[in-house]
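Each remark here refers to the structure printed beneath this line.
Residue numbers run from 1 in the order of the sequence given.
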Amino acid sequence: MTDPLSAALKIAGSGLEVQSTRLRIVSENIANARSTGDTPGADPYRRKTVTFGTELDRASGTDVVKVKTIGVDDSDYIEEYEPGHPAADENGVVKMPNVNILIEMGDMREANRTYEANLQTIKQTRELLSQTLALLKASQ
């Protein structure tokens, strides 16, 4: 049986790792929100997505969260009429990435808060471990 405090550290640590990946993907999406294709009619940047899953950590016997896949959002591109744009087709339409900045900002805020919650869990668990050691030392 695994020590509950060690398991809490392991779980929160895996949470930090996946939320860090999620923040990186959201940042890529925001950075490429206006990245069009190089040639007329070419496909622009496609929004990336992150899927999580659980995995058994055999060393501790604890289920931890991992990045299952980094995929792409297959929703339609946004079409804008910009006849002077280098990526415009013969009708003056440019395919724009399927990135919605408001959705990305919401995802970023949620990932940031989840990251902070995992960090707080680690801090509190370390405090509990310190208090346990202090109690053990005092009882000797």
Side-chain angles (χ1 to χ4, degrees):
M1 183 172 154
T2 303
D3 169 38
L5 294 177
S6 296
L9 284 173
K10 183 72 85 174
I11 293 166
S14 71
L16 287 176
E17 189 176 327
V18 297
Q19 293 306 326
S20 176
T21 301
R22 184 177 178 199
L23 285 167
R24 182 180 56 81
I25 296 300
V26 168
S27 297
E28 283 181 29
N29 289 340
I30 291 172
N32 288 294
R34 301 292 295 169
S35 298
T36 61
D38 294 334
T39 59
D43 287 343
Y45 175 83
R46 189 169 285 281
R47 179 179 182 261
K48 292 182 181 178
T49 60
V50 180
T51 305
F52 302 133
T54 58
E55 184 178 288
L56 177 66
D57 179 57
R58 294 190 188 280
S60 64
T62 305
D63 284 332
V64 295
V65 65
K66 294 285 184 186
V67 172
K68 189 174 180 181
T69 58
I70 296 177
V72 292
D73 181 352
D74 290 330
S75 63
D76 294 335
Y77 293 117
I78 300 165
E79 293 184 347
E80 293 182 4
Y81 181 72
E82 289 186 44
H85 195 285
D89 64 13
E90 63 277 353
N91 298 321
V93 175
V94 179
K95 290 184 199 175
M96 300 303 289
N98 58 346
V99 176
N100 182 328
I101 296 294
L102 292 176
I103 290 172
E104 298 304 322
M105 293 302 290
D107 283 352
M108 182 179 285
R109 184 179 201 128
E110 181 183 341
N112 189 48
R113 286 184 176 175
T114 305
Y115 186 94
E116 289 174 359
N118 282 302
L119 193 58
Q120 188 62 32
T121 299
I122 289 173
K123 288 178 183 178
Q124 290 176 346
T125 303
R126 284 184 175 173
E127 181 62 29
L128 286 171
L129 285 168
S130 294
Q131 290 174 0
T132 303
L133 287 173
L135 287 171
L136 289 171
K137 286 181 183 178
S139 67
Q140 290 181 5

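For the side-chain hydrogen bond (donor to acceptor under 3.5 Å, both in side chains) test, no residue two or more places apart in sequence or in another chain qualifies with Glu79. For the side-chain hydrogen bond (donor to acceptor under 3.5 Å, both in side chains) test, residues two or more places apart in sequence or in another chain that qualify with Tyr77 are Arg46. For Ser14, there are no side-chain hydrogen bond (donor to acceptor under 3.5 Å, both in side chains) partners, not counting sequence neighbours. Applying the side-chain hydrogen bond (donor to acceptor under 3.5 Å, both in side chains) test to Ser75 and every residue at least two apart in sequence or in another chain returns Asp73, Asn98. For Ala8, the side-chain contact (heavy atoms from CB on, under 4.5 Å) partners at least two apart in sequence or on another chain are Thr125.
Pairing each heavy atom of Thr62 with each of Ala7, the nearest pair is OG1-CB, 3.6 Å. Of all heavy-atom pairs spanning Ala42 and Gly37, the tightest one is CB-CA, 3.9 Å. Across all non-hydrogen atoms, the minimal contact from Thr36 to Ala87 is OG1-CB, 4.0 Å. Between Val99 and Glu104, the shortest heavy-atom contact is CG1-CG, 3.7 Å.
Distance CD1/Ile25 to NZ/Lys48: 5.0 Å, rounded to 0.5 Å. Here Tyr45 contributes atom OH and Asn29 contributes atom CG; the two are 4.0 Å apart, rounded to the nearest 0.5 Å. For the atom pair CD1 of Ile103 and CD1 of Ile30, the computed distance is 11.5 Å after rounding to the nearest 0.5 Å. Remark: Ser20 OG to Glu17 CD distance equals 8.0 Å, nearest 0.5 Å. The distance from the OG1 atom of Thr121 to the CD1 atom of Ile11 is 10.0 Å, given to the nearest 0.5 Å.
Residues Ser35 and Pro44 have side chains not in contact (no heavy-atom distance under 4.5 Å, counting atoms from C-beta outward).
The hydrophobic cluster around Leu128 extends to Leu5, Leu9, Leu16, Tyr115, Leu119, Ile122, Leu129, counting ILVMFWY residues whose side-chain heavy atoms fall within less than 4.5 Å of a member. Met96 belongs to a hydrophobic cluster whose remaining members, ordered by chain and number, are Ile78, Val94; membership requires side-chain heavy atoms of ILVMFWY residues under 4.5 Å apart, directly or through intermediates.
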Side chains of residues 63-72: which donor-acceptor partners sit under 3.5 Å, not counting sequence neighbours?
residue: Thr69; atom: OG1; partner: Thr51; partner atom: OG1; Å: 3.4

Please table the atom pairs, donor to acceptor, closer than 3.5 Å between any side-chain atom in residues 105-113 and protein atoms at least two apart or in another chain.
residue: Asp107; atom: OD2; partner: Arg47; partner atom: NH2; Å: 3.3
residue: Glu110; atom: OE1; partner: Arg22; partner atom: NH2; Å: 3.4
residue: Asn112; atom: ND2; partner: Glu116; partner atom: OE2; Å: 3.4

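The stretch residues 124-140 participates, sequence neighbours left out, in no salt bridge (charged side-chain N to carboxylate O under 4.0 Å, His left out) pair at all. Applying the salt bridge (charged side-chain N to carboxylate O under 4.0 Å, His left out) test to residues at least two apart or on different chains, the pairs with a partner in residues 4-14 are Lys10-Asp57. Among residues at least two apart or in separate chains, side-chain hydrogen bond (donor to acceptor under 3.5 Å, both in side chains) pairs with a member in residues 82-95 are Asp43-Lys95.
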